[in-house]
J.: 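Take a look at the following structure, please.
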Amino acid sequence: MKQELIALIQATLDSLKASGQLPADAAPKIMVDNTKDKSHGDYASNIAMVSSKLAGQKPRDWAEVLVNALPTSPILKKAEIAGPGFINFFVTEAASLAVVDTILNQGSRYGHNDSGKGQKVQVEFVSANPTGPLHVGHGRGAAVGDCLARLLEANGWHATREFYYNDAGQQINNLATSVQCRCKGIAPGDEGWPEDGYQGEYIQDVANSFMRGDTIESADQSFTGTKDAEDLEGIRHFAVAYLRREQDLDLKAFEVDFDVYFLESSLYSEGKVEETVTTLIENGYTYEDGGALWLKTTEFGDDKDRVMRKTDGGYTYFVPDVAYHLNKWQRGFKRVINEQGADHHSTVTRVRAGLQALKADIPEGYPDYVLHQMVTVMKGGEEVKLSKRAGSYVTLRDLIDEVGRDATRYFLTARAATSQLTFDIDLARSQSNDNPVYYIQYAHARVCSILRKMKEQGLQWDRENGLAKLDRLAEEQEKLLANQLARFPEVVSIACVQNAPHQIANYLHELASSFHGYYNNHKTIVDDVDLRDARIALTQAAKQVIANGLQILGISAPEEM
RNA sequence: GCGCCCGUAGCUCAAUCGGAUAGAGCAUCGGCCUUCUAAGCCGAGGGUUACAGGUUCGAUUCCUGUCGGGCGCGCCA
């Protein structure tokens, strides 16, 4: 609809250029917006305001010229001038309702587009260290990352979901020694407990399992506890496998699936880290100082250079990170989106700098980042401080168990990633029935109930008749609902361009609100067969759009509630 | 001190990347179930968009400064 209006405006501008009222080289950007207030028509354009100077006229006067020059069109009922020079378009009911036909014919594909042209895109998210269970922050990453991938798929991209396991760093040594202590009966606070040890109770669980000789099966490895508390290497492998399995179960409960689990350790074992370091040295972006090897990240916008290789010979974390991202590029991902917590934002500059220093023709802004702000957890009216070391935090599993998967996913994706969010456990639990996600799902279930009711009454919906009789839908709310349904493809497109899946959630809430209002005001199953068939067609279209939107959010669309 | 993200109703958050009278949910108050699911609908109250300037037809949005919050600033990851 917008495209058609833009075409009308373009034709108008062309005719005014032909008549000399507008300079021939004028090319103002034509924008058509949805209106908030229905008294402003169905769509509005600011074209008169942005082009009045070019025509040497006052905005309102110029708007009048434009409106008078507007060609007649079957979709346009009237055009009005309002405010400082807006042109408000009132489209015909038939033009608005035509979208119902489109939706029912396209089904689950409605709203999708092929702007991605099947290109490969990788979304890396969660990437939690295998040193403990997933907490709420990881949950936000899991929800947002998965929605980003789904959104990209809806826009024609071929998305790969990837999880990067930091299984090679110092934190794994900490984990191993912490478990070893627990195996020996040394608890936090006791003599001999490592200063940086992980204090959570789950460490004891790992130790007990190891000493029992359990066999752990995780995504891609299997390991049996040797029951030997002195076997630090065995404990290391066992603990990593154990915690990976726990995380796998958390993600499974959240219905987040990864295509690739990438192990940091493989970058070392396959020599990729060494290769990267060698290239950086050869390219002249490094220097030695104080026994360490430094990377000149300041040449790529960093505020100070960074150590690559420590005096003890080990590499700092961002070196394998650079090797990893080179690997992503080499795997053919021209586009990569990293979804991470904002506490990792300092890595952005370093990774990008490292990639540029490799001189591998990787674009400067590679990769993209979506950084979600921290999640504050409230419980009992108090903030729960997240501390992995102390083990006092709310796990993703707790949240799913208490609030439910759909509600958790909704809560964590319905807000912009850039805004901090407060997750009030008590509120989410005690008022789970007031969670907005149910409001949306309920709209879907209500539409489903209409067809069930029809069946009960021995009636049948004649879809073809309904689509043929859309002109019977004369209620204002019916037109507004149709206009809102027509917006969905645009919402999907914009949300993707902006990497902002929360816009889908907001749209769905508004759509559900329109539907509930209509449903309460106008009965669908009426005696007039043509009107009934048409109304069912409209509500089925609404149901389809809600289902398509919920699919992008990874939330179920129940048939009844 | 420096960098990143923010500051919108009592609370949690939106606002279609500069548009018209800033919107929802929760909470508060008042209505609506013998008719398709009341997990719903309708209505009321609640705002100097932290503050001060600037840019222009027009600013919650862009720029500068101040104040306030979160997160980083390690030869940890």
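Lettering of chains follows the sequences in order, A, B, ..., and the numbering in each one begins at 1.
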J.: Salt-bridge test for A/Arg335 and A/Asp368: reply yes if a basic N is under 4.0 Å from a carboxylate O, no otherwise.
T.: yes
J.: Which part of the nucleic acid does A/Arg452 contact within heavy-atom distance under 4.0 Å: base, sugar-phosphate only, or nothing?
T.: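 Counting heavy atoms under 4.0 Å across all strands, the contact made by A/Arg452 includes a base.
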J.: I want to confirm an ordering. Mapping A/Tyr439 and A/Asp303 to their closest nucleotides on RNA chain B, which one lands closer to the 5' end?
T.: A/Asp303
J.: Please check the phosphate of B/rA15 (OP1 and OP2 only) for any side-chain N or O of A/His502 closer than 4.0 Å.
T.: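 So the side chain of A/His502 is within the cut-off, an N or O lying under 4.0 Å from OP1 or OP2 of B/rA15.
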J.: Are B/rG40 and A/Tyr519 stacked, with the base six-membered ring and the side-chain ring centres under 5.5 Å apart and planes under 30°?
T.: no
J.: Rounded to whole angstroms, how far apart are NE2 on A/His40 and P on B/rU16?
T.: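 Distance, rounded to whole Å: 17 Å.
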J.: Just checking A/Tyr261 against A/Phe163, ring centres under 6.0 Å apart?
T.: yes
J.: Is there a donor on the side chain of A/Tyr317 or the base of B/rA77 sitting less than 3.5 Å from an acceptor on the other?
T.: yes
J.: By nearest atom, which of the nucleotides B/rC13, B/rA77, B/rU35 is closest to the A/Gln171 side chain?
T.: B/rA77
J.: Within this structure, what is the CE-to-P distance between A/Met561 and B/rU37, rounded to whole angstrom?
T.: 14 Å
J.: Measure CZ/A/Phe318 against P/B/rG74 and give the value in whole Å, please.
T.: 13 Å
J.: Which part of the nucleic acid, if any, lies within contact of A/Lys453, taking any heavy atom under 4.0 Å across all strands shown: a base, the sugar-phosphate backbone alone, or nothing?
T.: sugar-phosphate
J.: Are A/Lys78 and A/Phe90 in a cation-pi setup, meaning NZ or CZ lies under 6.0 angstrom from the ring centre and within 45 degrees of the ring axis?
T.: yes
J.: Hey, does A/Ala292 reach any base, or is it just sugar-phosphate, or nothing, if we go heavy atoms under 4.0 Å?
T.: base
J.: Classify the side chain of A/Thr311 versus the base of B/rC75 as yes if they form a donor-acceptor pair under 3.5 Å and no if they do not.
T.: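 Counting by modelled atom types and ignoring angles, a donor-acceptor contact under 3.5 Å is found here.
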J.: Within the structure shown, what part of the strands sits under 4.0 Å from A/Asn88 by heavy-atom distance: base, sugar-phosphate, or nothing?
T.: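 Here A/Asn88 touches the bases of the nucleic acid.
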J.: Counting heavy atoms from C-beta on, name the nucleotide in B/rA14, B/rC5, B/rG40 closest to the side chain of A/Arg446.
T.: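 Ranking B/rA14, B/rC5, B/rG40 by closest atom to the A/Arg446 side chain puts B/rG40 first.
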J.: Using the glycosidic torsion, which applies to B/rC33: syn (within 90° of 0) or anti (everything else)?
T.: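 Syn, angle within 90° of zero.
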J.: From C-beta outward on A/Met49, which listed nucleotide comes closest to its side chain: B/rA77, B/rG19, B/rG72?
T.: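 The nucleotide sitting nearest to the side chain is B/rG19.
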J.: Tell me the interatomic distance from A/Ile47, atom CD1, to B/rG18, atom P, rounded to whole angstroms.
T.: 16 Å
J.: Taking A/Glu490 first and then A/Lys2, would you say they form a salt bridge - that is, a charged N and a carboxylate O separated by under 4.0 Å?
T.: yes
J.: A/Glu510 CD to B/rG25 P: how many Å, rounded?
T.: 11 Å
J.: Do the side chains of A/Arg306 and A/Asp303 get close enough for a salt bridge, i.e. N-O under 4.0 angstrom?
T.: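 Looking at A/Asp303 together with A/Arg306, the answer is yes, because their closest N to O distance falls below 4.0 Å.
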J.: Which one, B/rA77, B/rU21, B/rG19, comes nearest to the side chain of A/Phe86?
T.: B/rG19
J.: So, A/Arg472 and A/Asp528, do they make that salt bridge, N to O below 4.0 Å?
T.: yes
J.: Output the single nucleotide from B/rC13, B/rA38, B/rC41 whose closest atom is nearest the side chain of A/Ser419.
T.: B/rC13
J.: Pick base, sugar-phosphate or nothing for A/Ala495, based on heavy-atom distances below 4.0 Å to the nucleic acid.
T.: nothing
J.: Output a table of nitrogen or oxygen pairs between the protein and nucleotides 7-12 of chain B separated by less than 3.5 Å.
T.:
from, atom 1, to, atom 2, distance (Å)
B/rU12, O2', A/Arg415, NH1, 3.4

J.: Could you check whether A/His509 gets within reach of a base, just the sugar-phosphate, or nothing at all, counting any heavy atom under 4.0 Å?
T.: sugar-phosphate
J.: Considering heavy-atom distances to RNA chain B, does A/Arg487 or A/Ala414 have its closest nucleotide positioned more toward the 5' end?
T.: A/Ala414
J.: Would you call A/Glu124 and A/Lys328 a salt bridge, using N to O less than 4.0 angstrom?
T.: yes
J.: Once you apply a heavy-atom cut-off of 4.0 Å, does A/Thr524 come out as touching a base, just sugar-phosphate, or nothing?
T.: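 Base contact - A/Thr524 has a heavy atom under 4.0 Å of at least one base atom.
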J.: Check whether any side-chain N or O of A/Thr418 sits under 4.0 Å from OP1 or OP2 of B/rC6, and answer yes or no.
T.: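 Result: yes.
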J.: Classify the nucleic acid contact of A/Ile494 as base, sugar-phosphate or nothing, counting any heavy atom under 4.0 Å across all strands shown.
T.: sugar-phosphate
J.: Given that both pair distances must be under 3.5 Å and the pair must be Watson-Crick or G-U, what runs of three or more consecutive pairs involve RNA chain B?
T.: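 When the pairs of RNA chain B are grouped into runs of at least three, the stems are B:1-7 with B:67-73, B:10-13 with B:23-26, B:28-32 with B:40-44, B:50-54 with B:62-66.
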J.: Have a look at A/His522 and say if it touches a base, only the backbone sugar-phosphate, or nothing, with a 4.0 Å heavy-atom cut-off.
T.: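 It contacts base atoms.
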J.: Rounded to the nearest angstrom, tell me the gap between atom NZ in A/Lys455 and atom C1' in B/rC36.
T.: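 Whole-Å distance recorded here is 16 Å.
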J.: Do A/Glu510 and A/Arg487 meet the salt-bridge criterion of a basic N to acidic O distance under 4.0 Å?
T.: yes
J.: Describe the nucleic acid contact of A/His345 in one word from base, sugar-phosphate, nothing, applying a heavy-atom distance below 4.0 Å.
T.: base
J.: Would you please confirm or rule out a distance under 4.0 Å between OP1 or OP2 of B/rC57 and any side-chain N or O of A/Lys58?
T.: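 Checking A/Lys58 against B/rC57: no side-chain N or O falls below 4.0 Å of OP1 or OP2.
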J.: Mind checking A/Asn506 for me? I need base, sugar-phosphate or nothing, with any heavy atom below 4.0 Å counting as a touch.
T.: sugar-phosphate
J.: Would you classify A/Gln441 as touching base, sugar-phosphate or nothing, given that sugar-phosphate means primed atoms plus P, OP1 and OP2, and contacts are heavy atoms under 4.0 Å?
T.: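 Nothing, no heavy atom under 4.0 Å.
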J.: Please check this pair: side chain of A/Arg140 against backbone of A/Gln373, looking for a donor-acceptor N/O pair closer than 3.5 Å.
T.: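 Indeed, once roles are kept as given, a pair shorter than 3.5 Å links the two residues.
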J.: May I ask you to say what A/Ala82 touches in the nucleic acid, namely base, sugar-phosphate or nothing, with a heavy-atom cut-off under 4.0 Å?
T.: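 Answer is base: heavy atoms of A/Ala82 come under 4.0 Å of a base.
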J.: Does A/His344 lie flat on the base of B/rG72, that is, centres under 5.5 Å apart and planes under 30° off?
T.: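 No, the aromatic ring of A/His344 does not stack with the base.
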